[in-house]
Amino acid sequence: MDGSSYYIPAVAMGAAIAFKGPALLRGWRDPLLRSVGALLALAGLVFLFAAPPTIAAVNDITGIPNVSAPLVYCLLSAYSASCLVLIINWRGGPPEVTRRLSRRWILGYTVVGVALIVLFALGDASEERLRDLDTYYANTPFIREMIVLYLASLTVAGVAMNVMCWRWAIEVRGRLRAGLVVIAFGALCNIPYSAAKFTAVVARWNGMDLDGLSTNTAPMLASVGAQITAVGFCLPLAWRRVEDSWNTWSTYRRLGPLWRELKPVSVPEDRAVRMSWWSSAELQVTQRESDIHDGMLSLYPYFDSEVRSRAYGAAVAAGSSAAEAQAEADAAMVTVAVRARAADPEGRVISSAETADAPPSAGSTFAHTDGQRDLVRMSIALRRSPVVAAARCRAPAGGGHDTRERTG
């Protein structure tokens, strides 16, 4: 693997941290967010400092041959601990139990990191090795123990991650279970990585040369495993975002019939706020809801509570639930009011309404106010309900009732 094979994932992790930076800073007190930030940062640092060009640069800057070895091994140990802590905090549970388990893993891998540094300091690794340090120094006192220790710690982390992920995956369903399965497969790569390294080292102990397992096969497994694990952690979040976006655009689409029904009486186009095509789905829905409420407010003088009452009774008689019947009744009142407003181009009803009390908000005009869901039900009723269709057909040619009579 060349330098780019390490730097590209490092840049990707850095971009993820930059993207999540504001949220991480705002919620730094949240253990789960802290764990996410630590995982992304350590994954990026592992790829950055494990790249052969970076290894050479660090050795040159410090003037200590092979000092990058304990640095990379410590980062790998810290990354393993961060994965375990993230799983613990992600699963949740009693706060004291979560904190205790997290501290145990952090303390354990801190001890491993200190031991790696001490063993490197005690050993003799005076000849710089950028790619094959593990096998080259496999028989060197203290350096040999350092190599075995970091490989053992990675194996323990891989096994622990698999145990925790699979136990949790049995208990859950959906996107969370899919994410846990992917994480488990990513962590599983730690085991063949360590096995390849151990095999090459043991071969050196026995006078054989299987260095290719350590210098070629193992780094590839580590890279694949880290990236699969990162995908596993991101999968539930990305899946949720896709679902949220789908639901938002679905709401926008389902509001279409009601928005189009009210468009002739809503804010004129020359005074309307124009939305850019690239505006977010949430903003598009908010704008559509605002247009609907503006249209209903302008129709207030034309609303007829008798139309609503008749439509409600007809909907209930046809087998609709209470919520559906209310939506159908409101939709019938709106569609009749739109036609009454069209039949009153001079605005006589509006003029008479201005002498009465000021109209309430559009939401309080209706028998029920359940926000966005009521608007969606009304919009669906406009398109599908035979009760609304019948009210539309019976709509009078003009609207001359007194405002107080219409609003009941």
Side-chain angles (χ1 to χ4, degrees), residues 247 250-267 285-345 347-350 352-354 356-408:
N247 291 335
S250 178
T251 298
Y252 178 84
R253 178 182 56 80
R254 289 189 292 171
L255 286 172
L258 181 58
W259 178 77
R260 286 187 289 272
E261 184 80 10
L262 291 166
K263 189 175 181 181
V265 296
S266 59
V267 179
V285 170
T286 300
Q287 180 63 48
R288 180 157 282 192
E289 289 175 337
S290 178
D291 291 344
I292 289 171
H293 284 295
D294 288 343
M296 289 194 295
L297 187 60
S298 70
L299 287 176
Y300 174 75
Y302 300 91
F303 285 147
D304 191 336
S305 58
E306 293 183 5
V307 171
R308 183 176 60 198
S309 298
R310 288 195 302 269
Y312 181 82
V316 171
S320 298
S321 67
E324 291 170 344
Q326 286 177 337
E328 292 178 71
D330 289 341
M333 186 173 65
V334 166
T335 194
V336 170
V338 168
R339 279 146 187 81
R341 176 67 183 90
D344 183 26
R348 291 190 300 271
V349 174
I350 294 175
S352 64
E354 289 176 351
D357 296 336
S361 67
S364 61
T365 303
F366 297 95
H368 61 108
T369 53
D370 194 23
Q372 184 184 85
R373 286 175 293 176
D374 282 344
L375 296 181
V376 170
R377 290 193 192 106
M378 288 173 60
S379 189
I380 293 173
L382 275 170
R383 187 177 58 176
R384 298 179 181 175
S385 171
V387 173
V388 177
R392 184 184 293 120
C393 293
R394 291 195 304 267
H401 290 296
D402 180 73
T403 301
R404 286 183 291 273
E405 291 177 353
R406 287 189 173 275
T407 57

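What you see is a predicted model, and the numbers here were worked out from it, not measured in a lab. Just so you know, residue 1 is the first one in the sequence shown, and it goes up from there.
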Contacts of [X] that satisfy side-chain contact (heavy atoms from CB on, under 4.5 Å) - sequence neighbours left out:
X: R254; answer: S250, T251, V376, I380
X: A337; answer: L299, Y302, F303
X: S379; answer: P257, L258

Point-to-point distance, once rounded to the nearest 0.5 Å, from CD of E328 to CG of L382: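 Rounded to the nearest 0.5 Å, the CD-CG separation comes to 10.5 Å.
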
Rounded distance (nearest 0.5 Å) linking atom CZ of R288 with atom NZ of K263: 9.0 Å

With R310 via side chain to side chain donor-acceptor pair (under 3.5 Å) - residues at least two apart: none

T335: partners by side chain to side chain donor-acceptor pair (under 3.5 Å), with sequence neighbours left out: E261, R339, R392

Minimum heavy-atom distance between M378 and A331, given as atom pair plus value: O-CB, 3.6 Å

Modelled atom types, side-chain donor and acceptor of D291 and Q287, under 3.5 Å: yes

Criterion side chain to side chain contact (heavy atoms under 4.5 Å, CB included) on L255 and I292, from CA distance to verdict: CA-CA 9 Å; L255 286 172; I292 289 171; 4.1 Å; yes

Heavy-atom side-chain contact between L375 and M296 under 4.5 Å: yes

Test item: Q326 side-chain N/O and A323 main-chain N/O as donor-acceptor pair under 3.5 Å: no

Main-chain N/O of G295 paired to S298 side chain as donor or acceptor, under 3.5 Å: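 Flag set: sc S298 to bb G295 pair under 3.5 Å.
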
Test side chain to side chain contact (heavy atoms under 4.5 Å, CB included) applied to H293 and S290, step by step: CA-CA 5 Å; H293 284 295; S290 178; 5.9 Å; no

Ring pair (Phe, Tyr, Trp, His ring centres under 6.0 Å) against Y312, all qualifying residues, sequence neighbours excluded: none

